[in-house]
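Heads up: the structure comes next, in structure tokens.
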Amino acid sequence: MNPQTNTQSGRSAGVISTTEKYCVRSTFAYPLVISHGEGCYLEDLDGNRYLDFNSNVCTAPLGYGHPAVRKAIERPATSGAHKIAGQDFYTVEHAALARKLVSITPGHLSKVFLNNTGTEAVENCMKLAYRKHGALPGVSCYGAFHGRTLGALTFTSSKPVHKFNFPQLPHRRIPFCTDDEDPRVDEVFQVLENEKVAFMITECVQGEGGYNFASTRFMSNLQKASQEHGVPLIIDEVQTGIGRTGKWWAFQHYGLRPNLVSSAKAVQVGASILQEDYEPKESGVVSTTWGGGDRISLAAGLAIIETIENENLMEKASAVGRSILAGLREIKDSFPEVITDANGLGLMLKIDFADGELRDEVVKTAFKKNLLLLGAGKRTIRVVPPLIIGEEDAQKGLDILTESIKESIRLR
Ligand SMILES: Cc1ncc(COP(=O)(O)O)c(C=O)c1O
């Protein structure tokens, strides 16, 4: 284990070259071959130890190797039947996770459809809205990311690379407003006055679009328009959900009453959570072989939610979030020419760079210094460490980030 230097030997390089030879080009961020992890740290195959400031893209809210998760997955992992056709046969783990999700969600959202990924959670919310309201256009926001499968992809618009040459469902787009004074903050009303639509879908904090925090007026306009026109509001909580922003769901910061909610990542499987009147009357409208992923993931998802509750992690993470945000704001003040913004909610934080090339260089430099960062949008670095992070590791990460910015500026 070597905490200071990051040197890749043959083991990591071998895995990377095999991956590149046999796997379709995707979104690998840097040459990290994960071996194992403990707390907020991951170790690669060559023994380099990294502080994780992105929680495996918000999928590891308890970090790695948490005893509650280890214990919870033991039974399903050794059951001899860990991967099951989860929408065709019942399991304890499926029922328990669904019940828990309903218990942490406002009372009118009382039914769950468990699936595998974030994009499926989104698509199944969309399907249930279409089923009730008809094959009408759907409304989403510029800069949104709702997934890459063909249905969800129509409503994604964060990067052109996701969309080129792919067919689209009927849709309308509105600006995602981060400022109550944005002149287009009321545009949703015009759209809904002009035609009938099947649903509106949005994130409260655009994740892949660059960690953009919705304005209060914008979100309450969506709620008002939804109620006035009888159009369901789907809130996509795939990245924001399960305590990341300091509440179970980001929509709770805005006092919203969505009709359908998509969740995944931190919950380990995909989950569409809905008002009972969106449940189809017939069976077979929604299903999937691996419904709920597998019993290990279902059990881990439940253990994660219970641990966040038992260890009071939303409150603790928000306190650390406030001090990291203060640190990010200091960094912004120290580098006013290259850093344009620092913002956050709970432990969902970011800094924006004036240009994307420097942002990419900072991510690469931090990786060499054993800090795992991840970009979002064109010019943003997201800062989303595990919810268990303490002040000491938070400060360590901020120090490496500062050093990485200095070094990247010097190299330009
Ligand atoms: C808000 C949001 N929705 C949907 C998705 C798609 O999730 P998945 O990659 O699990 O399909 C993501 C993934 O980053 C996301 O951030």
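What's counted below: heavy atoms across the whole structure, side chains too, no hydrogens, waters or symmetry copies. Atoms within a ligand are numbered from 1 in the order they appear, just like the ligands themselves.
No salt bridge links Glu120 with Lys127; every basic N to acidic carboxylate O contact stays at or beyond 4.0 Å.
Under the rule for a ring-ring contact (aromatic ring centres under 6.0 Å, His included), the partners of Phe176 that lie at least two apart in sequence or sit in another chain are Phe218.
For the residue pair Asn212 / Thr178, no side-chain donor-acceptor distance below 3.5 Å is found, with atom types taken as modelled. For the residue pair Glu43/Tyr64, the side-chain donor-acceptor check at 3.5 Å is not satisfied. Asp180 and Ser215 form a side-chain donor-acceptor contact under 3.5 Å, judged by distance and modelled atom types alone.
Contacts of ligand 1 (protein heavy-atom distance under 4.0 Å) are Thr117, Gly118, Thr119, Phe145, His146, Gly147, Glu203, Glu208, Asp236, Val238, Gln239, Lys265.
Ring centroid separation for the pair Phe199 and Phe155 comes in under the 6.0 Å cut-off.
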